[in-house]
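Remarks on the structure that follows.
Here the structure is a predicted model, which means the values were calculated and not measured. Numbering starts at 1 and runs along the sequence shown.
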Amino acid sequence: MARRKQSYFDTPDGRYFVAGHRLWRNVNPNLDDSVRRKLVLDLMEVRAQVRNARGDVARIRQAKSRLQAIETALGQRGEVWWTDGAPDYHRRLVVNTPYFDWWAELGL
């Protein structure tokens, strides 16, 4: 079965990208570029560790703990990286957020 390339759309404010009709928090744009690159490489490595640890509960738990730490450092989890007091809509369906009108205009 051939895989289709997934297209992701950033919200107008850059806080989220949309995948599977859900909002997912973008990486903190205030991170130093070299720090961001290192964290993204670490993230890919740890995701591979989770995938390759099939059935090994201890290895999966350890890798997922590292995954949580890396995604928090990137700003994708934990406290929001923006400072204007706007609420967090991470993991919510776009249709249930203030981004609905923007999403509907895209016609996706």
Original post:
Is it true that Arg36 and Asp32 have a side-chain N and a carboxylate O under 4.0 angstrom from each other?
Top reply: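 Judged by the 4.0 Å cut-off on N to carboxylate O distance, Arg36 and Asp32 do not form a salt bridge.
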
Next on the checklist: Using a strict threshold of under 4.0 Å (side-chain N to carboxylate O), is an ion pair present between Arg66 and Glu71?
Outcome noted: no

ask   = Is the centre of the Tyr16 ring less than 6.0 Å from the centre of the Tyr99 ring?
value = yes

Side chains of His21 and Val95 in contact at under 4.5 Å (non-hydrogen atoms):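 Not touching, per the 4.5 Å side-chain cut-off.
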
(Q) Any non-hydrogen side-chain atom of Leu93 less than 4.5 Å from a side-chain atom of Asn96? (A)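 Answer yes - side chains close enough.
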
Measure the spacing between [atom1] of [X] and [atom2] of [Y] and express it to the nearest 0.5 Å.
X	Y	atom1	atom2	result
Tyr89	Thr11	OH	OG1	11.5 Å
Leu67	Asp42	CG	CG	11.0 Å
Leu23	Thr97	CG	OG1	4.5 Å

Show the nearest heavy-atom pair for residues [X] and [Y], with the distance to one decimal.
X	Y	result
Val40	Leu74	CG2-CD2, 4.3 Å
Arg59	Asn52	NH2-O, 3.8 Å
Ala63	Val50	CB-CG2, 3.5 Å
Gly75	Trp81	O-CD1, 3.3 Å

Among the clusters formed by ILVMFWY side chains lying less than 4.5 Å apart, do [X] and [Y] turn up in the same one?
X	Y	result
Val27	Val46	yes
Ile60	Met44	no
Leu106	Phe100	no

Gln76 and Leu43: CA distance, side-chain angles, deciding distance, side chain to side chain contact (heavy atoms under 4.5 Å, CB included) verdict | CA-CA 12 Å; Gln76 294 177 313; Leu43 181 66; 4.3 Å; yes

Query raised in the report: Has the side chain of Asn26 got a donor or acceptor atom that lies under 3.5 Å from a matching backbone atom of Gly14?
Result: yes

(message) Check whether Trp24 reaches the backbone of Val18 with its side chain - one donor and one acceptor, N or O, closer than 3.5 Å.
(response)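 No.
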
Note to self: Can you pull out every salt bridge (Lys or Arg N to Asp or Glu O under 4.0 Å) where at least one residue sits in residues 84-100? Sequence neighbours excluded, please.
What the structure shows: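 Non-adjacent pairs meeting salt bridge (Lys or Arg N to Asp or Glu O under 4.0 Å): Arg15-Asp84, Arg25-Asp88.
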
Point to revise | Other residues, nucleotides, ligands: >12 heavy atoms within 6.0 Å of Gln62 CD | key: no

Does one side chain, of Arg77 or Gln68, offer a donor that lies under 3.5 Å from an acceptor on the other?
yes

